[in-house]
Every structure is written in C-alpha cells, then in structure tokens.
Amino acid sequence: MKSELLEDLRWRGLIAQSTDEAALAESLAKPTTLYIGFDPTAPSMHVGNLVVLLVMRRFQLAGHTPIALVGGATGLVGDPSGKNEERTLNTEETVANWVERIKTQLSQYLDFNAPKNAAIMANNLDWTSPLSAIEFLRDIGKHFSVNQMLSKDSVSARLEASGISYTEFSYQVLQALDYLELYRLHNCTLQMGGSDQWGNIVAGLDLIRKVEQGSAHALTVPLLTKADGTKFGKTAGGSVWLDPEMTSPYAFFQYWLNTDDKDVVNFLKVFSFKSHEEIIELEKAHNENPGARTAHRELARELTSLVHSPETCVRVEAAAKALFGQGELAELDEATLTAALSELPRTTVKRSEPMPTWVDLIAATGVVDSKSAARRIVKENGAYLNNAKVTAEDFAPSESDFLCGKYAVLRKGKRDLAAVELVD
RNA sequence: GGCGGGUUGCCCGAGCGGCCAAUGGGAGGGGACUGUAAAUCCCCCGGCUCUGCCUUCGAAGGUUCAAAUCCUUCACCCGCCA
C-alpha cells in the first residue's frame with residue numbers, strides 16, 4: 001500500500017525515520033489524527049520550526065487532523081535533545097506569556113475552523129499540572145526503565161559532556177505522557193518532530209503500548225542542513241524569527257533571497273507548496289541562469305507571503321528593488337522612497353541642529369556596534385551615502401544630500417542598509 | 001561534606017610577573033571578483049575626545065616600581081569519593 005502523502009514527503013526529503021512504514025501508509029489511507037509539539041523557548045518561533053510546522057500543514061491539506069501542542073509544561077522543564085548544556089529555567093510567567101504568543105503564531109498555519117478536519121490546539125500543562133508527584137511516579141514513572149532512558153542519545157550525549165540534571169532527564173517521560181494523553185483524548189496515532197525528537201517520540205509509543213495496549217506511529221523530519229555546514233536559520237544577528245517585531249519582513253525576505261545556490265532547490269522542496277513540476281521547472285531555470293535567481297525569488301516570495309502577508313511581501317520586495325536597483329535613488333518619488341525606507345533601521349536628524357559627521361551618523365543608525373567600527377568601515381571604503389562611496393571620516397552631509405528633502409540612504413558594505421530622516 | 005581540576009575578548013583556546021588590548025583557530029566585518037550567491041585573494045576585528053588615552057583576562061582585597069600572570073577570601077562550573 002502506498003501513501004501519496006508519504007511519497008510526496010519522501011520526494012521533498014522530509015522523512016528521516018519512521019516506525020513500520022507499511023503500517024503507517026495503511027493508517028494514512030484513512031483520516032488520521034497526528035501531533036507535533038512546540039516548546040516555548042522564546043517569544044516567537046523561528047524558521048527552523050517552520051520545517052516541521054509546514055509538514056503538519058501538508059497533513060491537514062491531505063485530509064488529516066493536526067494537533068498543535070504547545071509545551072506549557074515541557075517548556076518549564078527543558079528538552080535536553082540537541083543541547084550540550086543544561087539550560088537555565090525561565091520563570092512560569094515568562095513561559096506562560098510565550099505559550100500565548102506561540103499559540104497565536106501556530107493558528108496562522110493550520111485551519112482551526114475547517115468543517116471536516118479542523119486543527120486542534122492543546123497545551124500539555126492542562127494534564128501535567130493537576131498531576132501530583134506521587135501519581136506521576138506511581139502511574140507513569142513505573143513504566144520507564146532508567147537503563148533505557150540513559151541510552152537515549154539526548155541523555156547519553158549529555159552524560160559525556162557537561163552532565164544533566166534530574167529535571168531535564170525527566171523530559172522524555174513528560175513527552176511520552178503527552179502522546180499517551182492525546183492518544184486517549186483524540187485518538188492521536190502519529191507523532192512527528194525533528195529527527196532529534198526520535199527518542200522522545202518512541203518513549204511515547206512504548207508508554208501507549210504498555211498502558212493502553214495501543215499501537216501508534218512515529219515519523220521524524222531530518223534536520224535541515226546547509227551546503228556550507230552552518231546552521232540553518234541563523235544569521236550573524238541571531239535566529240530568523242517569524243515574529244515581524246523580531247525579524248523584519250524585509251530581513252526575512254532577504255534571508256531567503258540570499259540562500260546559497262546549492263541549497264535553493266532543496267529549500268523549495270522543503271518549504272514550498274508548489275507542485276513537483278513547478279519546482280523542477282524552477283530548478284531548470286536556476287541551472288540555466290543562476291544569476292537571475294528566479295528560484296531564490298520564488299522561495300522568498302512564497303515564504304514571506306505565507307509568514308507575513310502577500311501585501312507585505314510586495315512592499316518588501318519593492319523596497320529591496322528600489323534600494324538595490326541600478327537606477328538612481330534620486331529619481332525615486334517620495335512615496336516609493338518612504339515605503340522602501342520604512343523597512344529599514346533608521347535614525348533621525350533635526351533640521352535645527354548641526355549635521356553630525358559621517359562617522360557619527362553611521363554609528364547612530366546602528367548598522368555598526370560602535371564609533372570605532374564606523375570609523376573602520378569608512379577607512380575600508382565600505383560606507384556609502386545614497387549609493388555613493390564616502391571615504392572622509394569628517395564629511396558632514398548637507399541638506400542637499402537628503403532625497404526629497406528628507407531622506408538619506410546609508411549603506412554599509414553591499415547590503416546592509418539604513419535610513420536617515422531629516423525632521424523638524 | 002572531603003579531595004582534585006577549572007573560570008581569559010562573540011566561541012574555542014594560548015599566555016603563568018614587565019616586550020599584553022593579550023599568540024592561534026573559528027565566527028563576524030570591509031574590499032577585489034560577481035549575481036544582494038559560492039569559492040578565492042587582501043585587509044580589519046575592546047572602547048574613546050585615536051600618533052595618545054581609558055577599560056578588560058570569574059569577583060573583591062593584597063604584595064610589587066610593575067599582575068591575566070604571585071598571595072588571601074568569595075562565587076560559580078566540572079570530576080572523583082562519601
């Protein structure tokens with residue numbers, strides 16, 4: 001028996017490991033309930049979470065019922081998987097706040113009002129919090145063998161590195177309990193997650209078998225790798241977040257547009273909802289003329305539209321086009337310029353006050369960390385005003401340098417832009 | 001609780017009384033080449049009122065003309081034992 005959905009996921013390179021695949025394919029022939037957990041470790045999810053989140057969306061589009069589980073409880077404990085150090089605990093208020101924010105984000109990618117297979121939101125704090133320590137130890141703990149727990153990658157790696165606290169050691173038990181609860185509550189028979197979650201997921205399967213004599217499935221998604229070996233979803237400034245306050249839509253679009261050539265087709269397969277044919281077409285176009293970056297652009301557009309909005313995407317792309325365009329900045333009309341610059345970090349200068357020197361101005365925009373850094377950039381010929389290189393440290397811009405009488409575009413290097421606004 | 005090891009710039013990691021803002025690597029930044037890509041080459045990479053000055057080597061005291069380097073106390077981390 002073949003499952004169209006599984007075949008698609010395989011083609012996209014989205015399957016790392018699964019339990020008995022034939023049985024899983026058979027189960028997926030009927031509408032199935034599945035879940036993925038997201039722990040609140042920050043105020044927002046990032047592009048790394050998007051991989052697995054979009055897989056969940058694919059399942060819903062294929063007629064299955066997804067449960068988005070927010071780890072209100074597990075987030076208080078900390079998952080040792082993939083971490084070589086114990087993490088510091090966040091306060092309950094902080095975590096509760098993050099739970100709410102992440103719920104809001106999750107609701108954007110799944111349909112919770114669909115007539116047939118509407119998505120379900122869950123929070124594991126709901127069943128974990130009423131549990132007493134004694135109940136936990138007697139009813140749940142008894143089913144776990146410490147020997148097995150120790151052999152999990154997430155634990156053994158930590159034992160060899162910096163050690164692990166009893167708190168984080170217990171994480172896998174909590175996650176197993178989640179699966180059991182969702183199995184009972186919603187007949188959820190599939191848990192997915194990143195490949196680093198395999199151990200935690202399997203712990204849940206065992207628990208379901210022992211307690212309910214039930215059978216359930218596991219499916220993991222490979223960790224997304226980049227051709228150059230660096231971590232996906234990280235830039236010099238940190239993670240690429242889904243929250244527009246934390247990563248501007250402009251920066252978000254740029255992140256995808258700047259994808260390494262070697263990764264772009266792979267990323268399209270993972271993130272795009274385009275058909276196989278369309279992706280193959282883009283791959284061809286890319287190989288024929290990589291400089292045109294058609295595939296990059298499509299990737300950036302689709303994701304920016306999905307995560308932010310199609311309108312935002314249009315705005316942000318137009319801004320980039322204006323700012324990076326070969327055309328004269330001075331020829332832009334004020335509306336275009338205002339729109340383009342609204343996406344950039346900015347600083348203001350009062351008309352009444354003396355104009356700051358070039359170095360001071362660069363430092364003020366925040367494209368560099370200090371005045372020393374600003375000086376360095378100028379010395380190294382990396383500072384541009386309205387696309388023209390300015391190499392004099394003591395240069396002071398005049399009002400005539402402000403386009404439309406109010407904006408100056410400051411650039412550091414090839415692509416780090418900022419706006420200076422002249423105000424009254 | 002006992003014994004031992006450790007804490008250096010964004011990260012890893014040298015230095016063990018003056019030549020230390022501190023070797024080296026990685027990350028990061030600028031330039032050249034290009035396509036807002038990769039690879040490669042060159043340069044930079046604590047701060048400032050910048051040929052000089054100021055603040056850094058877990059924290060606080062002390063010894064010394066002079067301390068990241070020596071002494072004392074404290075804090076934290078790791079390991080072994082109880």
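Every chain is numbered from 1, with letters handed out A, B, ... down the list of sequences.
A pairwise comparison of heavy atoms in A:Val307 and A:Gln108 identifies O-NE2, 2.8 Å as the closest pair. Of all non-hydrogen atoms in A:Ser272 and A:Arg58, the two that sit nearest each other are O-NH2, 3.0 Å.
Going from the C1' atom of B:U56 to that of B:C48 covers 14 Å, rounded to whole Å. Between B:G46 and B:C42, the distance separating the two C1' atoms is 24 Å to the nearest Å. For the C1' atom pair drawn from B:G18 and B:G5, the interatomic distance equals 29 Å after rounding to whole Å. Nucleotides B:A82 and B:C3 have their P atoms positioned 15 Å apart, rounded to a whole Å. One C1' atom belongs to B:U73, the other to B:A66, and the distance between them is 24 Å to the nearest Å. Here the separation of B:C45 from B:G25, taken at their C1' atoms, is 14 Å to the nearest Å. Going from the P atom of B:U69 to that of B:C19 covers 14 Å, rounded to whole Å. Look at the P atom in both B:G15 and B:C70: the space between them is 12 Å, to the nearest Å.
A cation-pi arrangement is absent between A:Arg415 and A:Phe324, since the terminal nitrogen or guanidinium carbon is not both under 6.0 Å from the aromatic centre and inside a 45° cone about the axis.
Within 4.0 Å (heavy atoms only), A:Lys262 reaches sugar-phosphate atoms of the nucleic acid but no base atom. If you check every strand for non-hydrogen atoms under 4.0 Å, A:Ala227 touches nothing.
In this structure, the CH2 atom of A:Trp358 is 14 Å from the P atom of B:G30, given to the nearest Å. Rounded to whole Å, the distance from CG on A:Asn258 to P on B:G28 is 14 Å. Between A:Lys371 atom NZ and B:G29 atom C1' the separation is 20 Å, expressed in whole Å. In this structure, A:Leu410 atom CG and B:G30 atom C1' are separated by 15 Å, rounded to whole Å. Atoms CD1 (A:Ile377) and P (B:C44) sit 13 Å apart, rounded to a whole Å. Rounded to an integer number of Å, the gap from A:Phe267 CZ to B:A38 P is 12 Å. Between the C1' atom of B:U40 and the CG atom of A:Asp228 lies a distance of 16 Å, rounded to the nearest Å. Between the CG atom of A:Asn287 and the P atom of B:A37 there is a distance of 19 Å, given to the nearest Å.
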Contact list (N/O, under 3.5 angstrom) for nucleotides 31-35 of chain B vs protein:
| unit_1 | atom_1 | unit_2 | atom_2 | d |
| --- | --- | --- | --- | --- |
| B:G31 | OP1 | A:Tyr384 | OH | 3.0 |
| B:C33 | N4 | A:Lys414 | NZ | 2.5 |
| B:U34 | O4 | A:Lys414 | NZ | 3.0 |
| B:G35 | O6 | A:Asp261 | OD2 | 3.1 |
| B:G35 | N1 | A:Asp261 | OD1 | 3.3 |
| B:G35 | N1 | A:Asp261 | OD2 | 2.7 |
| B:G35 | N2 | A:Asp261 | OD1 | 3.0 |

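For B:U36, neither phosphate oxygen OP1 nor OP2 lies less than 4.0 angstrom from any side-chain nitrogen or oxygen of A:Arg297. OP1 or OP2 of B:G47 sits under 4.0 Å from a side-chain N or O of A:Arg376.
When side chains are defined from C-beta on, A:Thr247 does not count as touching A:Tyr255, because their heavy atoms never get closer than 4.5 Å. A heavy-atom distance below 4.5 Å is not found between the side chains of A:Thr365 and A:Leu344.
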Pair assignment for RNA chain B - dot-bracket with | for other-strand partners, Watson-Crick or G-U under 3.5 Å: ((((((((.[[[..)..(.....]]].(((((.......))))).(((...)))...[[[[[..)....]]]]]))))))).
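Qualifying salt bridge (charged side-chain N to carboxylate O under 4.0 Å, His left out) partners for A:Glu100, counting only residues two or more places apart in sequence or in other chains: A:Lys103. Checked against ring pair (Phe, Tyr, Trp, His ring centres under 6.0 Å), A:Tyr171 has no partners two or more places apart in sequence or in another chain. Residues forming a ring pair (Phe, Tyr, Trp, His ring centres under 6.0 Å) with A:Tyr183 (at least two apart in sequence, or on another chain): none.
Ring geometry, A:His276 versus A:Trp11: the interplanar angle falls under 30°, so the pair is classed parallel (tilted spans 30 to 60°). Using a 30° and 60° split on the angle between ring planes, A:Trp256 and A:Phe232 fall in the tilted class, from 30° to 60°.
Under 3.5 Å, the side chains of A:Thr41 and A:Asp39 contain no donor-acceptor pair of N or O atoms.
Listed by residue number, the members of residues 359-370 of chain A with any heavy atom below 4.0 angstrom from RNA chain B are A:Ser370.
Taking the nucleotide of RNA chain B with the nearest heavy atom to each of A:Phe253 and A:Leu159, the more 5' of the two is matched to A:Phe253.
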Evaluate the side chain to side chain contact (heavy atoms under 4.5 Å, CB included) criterion for residues A:Tyr109 and A:Leu242: first the C-alpha distance (whole Å), next the side-chain angles of each, then the deciding distance (0.1 Å), finally the verdict. CA-CA 12 Å; A:Tyr109 301 91; A:Leu242 303 188; 3.8 Å; yes
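Between A:Arg411 and A:Asp416, no side-chain nitrogen of the basic residue sits less than 4.0 Å from a carboxylate oxygen of the acidic one, so the salt-bridge criterion is not met.
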